[in-house]
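Every chain is numbered from 1 and lettered A, B, ... according to where its sequence line falls, protein lines coming before strand lines. For clarity, every value in this text was computed on a predicted model and none was experimentally measured.
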Amino acid sequence: MEILSQILQVGFFAALLRIATPLIFGTIGELYAERAGVLNLGIEGIMMFSAMAGFSGAYFTHSLWFGVLVAVLAGMLGGLLMAVLCVSLGLSQHVSGIGTTLLFSGLSFFLYRLIFGQPSTIPVIEPFRTVNIPWLAKIPIIGPVLFDQYALVYLAFLIVPVTSWILYHTPWGLNLRTVGENPQAANSAGVSVAATRYQALLIAGMFMGLGGAFLSMAQYNAFTFGVISGRGWISIALVVFGQWSPYKSMAGALLFAFIDALQLRLQASNMIHIPYQVFLMMPFVLTILAMALVSRNARAPAALLRPFRKEER
Amino acid sequence: MRWRLEIRDATPLWLNVLLPLLAILATLILCGGLIVLAGANMFDAYATMFSSALSSKFALTETLVKATPLIFTGLAVTIAFKAKFWNIGAEGQLLTGAMAAAYVGALEALPGWSLIPLMLLAGAAAGAATAIFPAYLKTRYKVDDVVTTLLLNFVILYAMTALLDGVWKDPISGYPDSPDILSAAEFPVFLARTRLHLGVLLAFIGAPLVWFVMKRTTLGFAIEAVGENAHAAAFSGHKTSVVILASAAVSGLLAGLAGVGEVGGLHFQVMATISPGYGYTGIVIAMLARLNPLGVLPAALFFAVIITGADSMSRATGVPVFLADVIQGTALVTMLIGLMFTRYRLRWQRVVHSVQEM
C-alpha cells in the first residue's frame, strides 16, 4: 500500500515523463537510421558528444537554445561520420558504430577537459525551466504532469506522431522504408539509396543531439562523464523492443522510465531493500528476453546491416 | 576518366602489414591536431608519451603488464569475429572471469597450491559461459549477437556492483570491493621489483597458441570456413551452429582470462573499475591486427604504450589524458577506412561508354 502511495503522486508521473524524454529522442533517432537500413551503434558516443557540446555552447553564450542548436549540429556531425563510413564506404555497420562511439566519447572527454580544465567545483549553467501551459496546467493532477514540463519534453512526445506520419504517410517515408527493406527495388524506382540513408542518419543525429542536450541542459545543469550512462544503448534496445514502430518504441521508453522512476522513489524512501542495480539492469534484461521471444516474428528492416552498392547485385 | 573501385581477389601480404601502420600514422597525425589545439607541441607530446612508457626498465615492464588484458581481449575478439560471431561482450566476459577468480582465490577450504590453477579454470569457464549464452541465442533464435553481447556487459556490470555493494563487500575495508584473495592465490612475479606476473606470460604464450589453433587445427579451419561463408561451410558438412558456439566459448574463455590476470596479478580483488574498457579496446586491437592472432601482440603493445604514456604526457604538457581514448577511436575509424583497400583497389580509368546496366 505504501508503495502505491509513493507511485500515485504527481511528482512521480512528472518525473517519469522527464526520464522517458532522452530515451524517446534516442529511440526515434535510431529508428530513422534503422528503418533506412543502418544500425547506428554510434548513438552512445553521439549523445555524449552532443551533451558536452550543447552544455559548452550554453555555458559561454548564456543562451540555452543556442546550446540546443550546438547539440543538434554535434549530433548531425556524428550522423555524418556514420554515413561516410557505412554508406559511402560501405563498411561494417557494427564496427563503424563502435568506432564512432569510441571516437565521440573520447572527444567529449578530451574537449570538455580542454575547455574547462579541472576546477574544484564543476561548471554549471542555469538549466531550462518548465513551461507552464496556460489553462491546461490548471487541470488537477493531469495538468502538472502533462502541461508543466520542459519544452524539450513536449517536443519529444510531439515527434513520435510526427515520425509515424512521416514514415507511413509521406512519399519520403515510403522511400525511407523501401530503402531499409529492399534497396534494390528503391534503386530501380529511381530512389537514391545513398542519399536517403544520409538523410536518415542526419535526422537520427539531430534527435540524438536533442537527447544529449536534454540531459546536460534540462535534466541536469552540468556535463558529467556519466551523463549518458548507457541511454544510447537502451535506445537501441528500445527500437528492437518496439519492433521498429514509433508508438511501440515510445511505449517501451515509458515502461523503462516507469521502472527507473520507481527505482529512484524506492531508493529515496528506503522502503524495500532491493539493490538499485537490479532496476538499472532491468531494461537490458527485458530487452534480451524480448529479443529471444519475438525474434522469430520480429520485423527488423530486411536490409538492416547490409551495405548497398549499385555495382554489386 | 574517373576513379573507380575494383574488387580485389586477394589481399597481398604487404598490404596487411602496411595498412595498420598507415592507420596508426594517420591517427597520430589527426590526434596531433588536438595536441596543437591544447597548446602543446605535437612532437614533444608524443615523445613524452612514448618515452615514458618505454624508456626505463620499470616503465617497460609496466607497459607489458598493461598490455596483458589487452592481448587477451584482442585475441577474444579476433577468434569471435573470425567466425562472424560479433562479440562486443569481451568487457562483460572479462568481468565474469575476474569475479570467478576473485571468488575462488579467496576460498580458504582449498589447498594453497590448487588456488591459481582453479582460478584460471574458473575464470575461463565463467568467461566462456558468458559468451556462449548470446551465441546460443544467435544460433538457436537468430537474435542479433551485437546487441545481446553489448547489453549483457551492462547486466554483468550492474550485477557485479550490486554484489560489491552488498553481500560481497569487503568487511575489512568497507569499500565496495571484494575481499582480497589469499596470498597463496596471488600470481608469482618473475622479476623482482616489477609487476610482471604469471598472466603476462600466459598472454604472450596465448597469442601464438591461438594462432596455432586457428591455422593448424580442425577447429580453426571450421571457424575460418564458417566465417568466410556460412552456407558453403554448412554445405560442405560443417555444423555451423556448433562452430559458432565453439568460437564463442574460446572467445569468452580468453576474455575471462583477461579478468583472471587483473585479479591474480594486479589488484588481488574485484572492484567496479577493474576494467576501464579493455573489452572495447580489444575490438580496436583485433581490427588493427587484421584478425591475425600474432598481429594482436604488437597492436596490444601499441595501445598499452598509449594508455600508460598518456598519464605522463598529460602531466608534462597539459594535454588532457583523454587523448588516449581519442586515439583508440580514431585508430579504429582510420583502420576501417583502410580496410576498404583490402577489398577494393582504386583505379584511374577511362570511362567506357556502354549501355548503362540497370
Side chains of B:F154 and A:L280: does their closest heavy-atom pair fall under 4.5 Å?
no

If I measure from the heavy atoms of chain A, does B:A159 come under 4.5 Å with its side chain, its backbone, both, or neither?
both

Measure B:L157 against the heavy atoms of chain A and call it side chain, backbone, both or neither at under 4.5 Å.
neither

If you look at every heavy atom in B:A38 and A:L114, which pair is closest and at what distance?
CB-CD1, 3.3 Å

In terms of heavy-atom proximity below 4.5 Å to chain A, should B:M160 be classed as side chain, backbone, both, or neither?
neither

Considering only heavy atoms, which portion of B:L151 lies under 4.5 Å from any heavy atom of chain A: side chain, backbone, both, or neither?
both

In this structure, OG of A:S105 is separated from OH of B:Y280 (nearest 0.5 Å) by 10.5 Å

Chain B contact via A:I234 - side chain, backbone, both or neither, heavy atoms under 4.5 Å:
neither

Can you tell me which of A:Y112, A:F104, A:F225 forms the most heavy-atom pairs within a distance under 4.5 Å of chain B?
A:F225

At a 4.5 Å cut-off on heavy atoms, which part of B:L163 comes close to chain A: side chain, backbone, both, or neither?
neither

Is it true that atom CZ of A:F60 has more than 12 heavy atoms of other residues, nucleotides or ligands lying nearer than 6.0 Å?
yes

Is it the backbone or the side chain of B:L323 that comes under 4.5 Å from a heavy atom of chain A, or both, or neither?
both

Going by heavy atoms in the side chains, are B:L137 and A:I288 under 4.5 Å from each other?
yes

Can you check whether A:L85 reaches B:I337 side chain to side chain, under 4.5 Å on heavy atoms?
yes

Please report the interatomic distance NE2(A:H94) to CG(B:L150), rounded to the nearest 0.5 Å.
10.0 Å

Check whether any side-chain heavy atom of B:L336 lies under 4.5 Å from a side-chain heavy atom of A:L89, and answer yes or no.
no

What is the distance from atom CG of A:L107 to atom CZ of B:F322, rounded to the nearest 0.5 Å?
12.5 Å

Can you list the steps and then say if A:I236 with B:V147 is a side chain to side chain contact (heavy atoms under 4.5 Å, CB included)?
CA-CA 8 Å; A:I236 299 225; B:V147 179; 4.2 Å; yes

Taking every heavy-atom pair that is under 4.5 Å apart, which of A:W233, A:F110, A:Y276 has the most such pairs with chain B?
A:F110

Leading residue by heavy atom contact count with chain B [cutoff under 4.5 Å; candidates A:L103, A:L81, A:L102, A:I98]
A:L103

Can you list the steps and then say if B:N153 with A:F284 is a side chain to side chain contact (heavy atoms under 4.5 Å, CB included)?
CA-CA 9 Å; B:N153 290 342; A:F284 301 104; over 6 Å; no

Report which part of B:I327 has an atom under 4.5 Å of a heavy atom belonging to chain A: side chain, backbone, both, or neither.
neither

Structural part of B:Y136 lying under 4.5 Å from a heavy atom of chain A:
neither

For chain A, find which of B:L37, B:L332, B:L152 contributes the most heavy-atom pairs closer than 4.5 angstrom.
B:L332

